Amino acid sequence: MNCLFDLDGVLVDTAKYHYIAWKNLAKRLGFDFTEQDNERLKGVSRMASLEILLEVGGLSGKFSEEEKNAMAAEKNTEYVKLISQMTPDEILPGARQFLTDLRAAGIGVALGSASKNAQTILDRLQLAPLFDAIIDGTKVSKAKPDPEVFLKGAEALGAQPSDCCVFEDAAAGIEAARRGGMHCIGIGTPAVLSQADFCVNSLAEMTIDRLKQLFQ
Ligand code: BG6
Ligand code: MG
């Protein structure tokens, strides 16, 4: 039994910081970006997020690759400033305890995140030592729903995909887990995460016994 965790929305709520930085970029471009629009960015890579934002502003196809890279870099600079102030108080309910319990039980634990800032966030939250492997946006070339990030996590743990369970809050991440041949538990509502084996509201609802049931 091994566990693979998404980061944003599973271990920590970074969506609010992504939102501030994207909203400010939209403002500079002359349009409003709402919290509802921001929902579409969850689990989506940085450049794909920018494309969605430009679409919301009616600006799709209006910029060169160079200009888009500059916008994404600008957004990221602001985002990094925000996350560099994070503290362990921002770890989502139950996450640290569940990770600690898994380690104590000798269950492999890896991160499978699209974020290129994952290491910074884990360091700020003091969670990095609880992971056996960290696979993030700097180590993959294909975004979720492609299973690459989770398959690399399984490989780093020396585990077969069928012996892994993914924890995800985004539909694209659940699909990635499924395509990788893994079990998966949704953090959120089954209405959105219908492909999950089951959903919980947070990791505070998780126990090793509940996890074991999936592998029987
Ligand atoms: C995902 C987030 O984990 O990482 C997305 O859910 C984000 O919202 C993506 O766009 C990429 O993050 P970063 O830190 O590399 O810009
Ligand atoms: Mg997520």
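This one's a predicted model, so the numbers in the text were calculated from it and none came from an experiment. In listed order, ligands and their atoms are each counted from 1. Values reported hereafter were calculated over all heavy atoms of this structure, with side chains retained and with hydrogens, waters and symmetry mates removed.
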Among all the protein's non-hydrogen atoms, which is closest to atom 16 (O) of ligand 1, and how far away is it? R46 NE, 2.8 Å
Strictly below 4.0 Å, N to O, side chains only: are D132 and R103 in salt-bridge contact? yes
Heavy-atom nearest neighbour in the protein, as seen from atom 6 (O) of ligand 1, with distance rounded to 0.1 Å: G43 N, 2.8 Å
Atom of S115, atom of D136 and distance for their closest heavy-atom approach: O-CB, 3.3 Å
Could an N or O of ligand 1 be found under 3.5 Å from any N or O of S115, whether backbone or side chain? yes
Of all N/O/S atoms in D8, the name of the one nearest the Mg ion (ligand 2): O
Cation-pi check for F150 against K152: NZ or CZ below 6.0 Å from the six-membered ring centre and within 45 degrees of the axis, yes or no? no
Taking only Lys NZ, Arg NE, NH1 and NH2, and the carboxylate oxygens of Asp or Glu, determine whether R46 and E51 approach each other closer than 4.0 Å. no
Charged N to carboxylate O below 4.0 Å: is that the case for D6 and K144? yes
How far does CD1 of I20 sit from CG of L25, to the nearest 0.5 angstrom? 14.0 Å
Presence of salt bridge, E90 and R124, under 4.0 angstrom: no
Any idea which atoms of ligand 1 are less than 4.0 Å away from a heavy-atom of L41? 5 (C), 8 (O)
Take every heavy atom of G137, measure it against each atom of ligand 1, and state whether any distance is under 4.0 Å. no
Taking only heavy atoms of S49, which atoms of ligand 1 are found under 4.0 Å from at least one of them? 10 (O)
Closest approach of any protein heavy atom to atom 1 (C) of ligand 1, naming residue and atom: D8 OD2, 3.3 Å
Does a donor on one side chain sit under 3.5 Å from an acceptor on the other, for T120 and N117? no
For atom 5 (C) of ligand 1, what's the nearest protein heavy-atom neighbour? Residue, atom name and distance, please. V44 O, 3.2 Å
Counting each atom of ligand 1 from 1 as listed, which ones have a heavy atom of N117 under 4.0 Å away? 13 (P), 14 (O)
Which value, rounded to 10°, describes the OD2(D6)-the Mg ion (ligand 2)-OD1(D169) angle? 90°
In the protein, which heavy atom is nearest to atom 15 (O) of ligand 1, and how far is it? K116 N, 2.6 Å
